2 protein chains.
Amino acid sequence: MVDDLVPDGAGNHTAPSADCPVETALAAIAGKWTTLLLRELSRAELTFGGLKDTLPELSDKVLADRLATLVDRGVVDRVVHRGYPNRVAYSLIDAGRELRPLLIELYRTGTRLQSLRGGGGDAVSSQRP
Amino acid sequence: MVDDLVPDGAGNHTAPSADCPVETALAAIAGKWTTLLLRELSRAELTFGGLKDTLPELSDKVLADRLATLVDRGVVDRVVHRGYPNRVAYSLIDAGRELRPLLIELYRTGTRLQSLRGGGGDAVSSQRP
DNA sequence: CAGTATCCCTGTTGATACTG
DNA sequence: CAGTATCAACAGGGATACTG
């Protein structure tokens, strides 16, 4: 079936599959802290320590994991600057910038969901006998 | 800071937070099989068994979990039709339809990421000594 | 400074079997 | 038909301590 949700037949799966475009996109931003990191890196190139300063509650280990994953995914570039001490700079690359409209749409959708809950409509009651 | 990624200050968190619109949206579609279920339910109202037929590899338990969660989230409606045997119909409600543009954007972004990988640009090499 | 190495803990997923 | 109950298996996330 091909409709506007699945415009080209690449999304017609009956089980989760890495081939599905939707899963590809979700995989690119998956993981706790990842969208926060993408937000910071879309503002500016940052070093490991710079990221720690910006997100103080994020542990070294998870930060390192997240960054390595983003580099693996081809979303972030990692450049070592030799010196005393060494520094390592992280920045978004092309594929990472492809994520920007998605993050904007996530923000927009989340905002609308929140106003649907808080604002007008009362919670829809689903009958559970 | 307020920019086009964080247009209204509701997204300025330094740690993952349910208040963040981005997390709200991600939470709404979170979970393995969830986007597949949303795809099916956005095509038509379906019963529990109808969903099982459409997604044969999805177990009863996970299907029931996913549906209960979607109902909790206010995204899906659940209506019991008494009879012999009983049937239960699931359908998207307003908040669920708010997710449609997001799913479309996920599809679009995933498609572009896939073509960036497979097609043109060679993988960007990141230096790892 | 920029990470690694362990270890643990929890949540999620799934297989199987059973019920109103 | 539409689930629930139980249990096993695994992955993600995090605290702490250590290193080139």
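Predicted, not measured: the structure shown is a model, and the values here were computed from it. Labels below follow one simple rule: chain letters A, B, ... track the order of the sequence lines, proteins then strands, and each chain is numbered from 1. All values below were derived from every heavy atom in this structure, side-chain atoms included, with hydrogens, water molecules and symmetry-related copies excluded.
C:dG11: Watson-Crick or G-U partner is D:dC10, with both key distances under 3.5 Å. For C:dG20, the paired nucleotide is D:dC1, the pair qualifying as Watson-Crick or G-U wobble because both relevant distances are below 3.5 Å.
Taking atom CZ of residue B:Arg78 and atom P of nucleotide D:dA2, one finds them 10 Å apart after rounding to whole Å. Put simply, CZ on B:Arg66 is 13 Å from P on D:dT4, counting in whole angstrom units. Rounded to an integer number of Å, the gap from B:His81 NE2 to D:dG3 C1' is 16 Å. Rounded to a whole Å, the CZ atom of A:Arg87 is 18 Å from the C1' atom of D:dG20. Summarising the geometry, the separation between CZ on A:Arg82 and P on C:dG3 is reported as 11 Å, rounded to the nearest angstrom. We find that CD1 of B:Ile29 is positioned 17 Å from C1' of C:dT12, with the value rounded to whole Å.
Contacts between residues 40-63 of chain A and DNA chain C, counted as heavy-atom distances below 4.0 Å, involve A:Thr47, A:Phe48, A:Gly49, A:Asp60, A:Lys61.
Closest contact between the side chain of A:Val88 and the listed nucleotides D:dG14, C:dT13, C:dA2 involves C:dA2. The side chain of A:Lys32 lies closest to D:dG14, out of C:dC1, D:dG14, C:dT4.
Each of A:Asp65 and A:Asn86 has a nearest nucleotide on DNA chain C; the 5'-most of these lies closest to A:Asn86.
Here A:Asp19 pairs with nothing under the side-chain hydrogen bond (donor to acceptor under 3.5 Å, both in side chains) rule; sequence neighbours left out.
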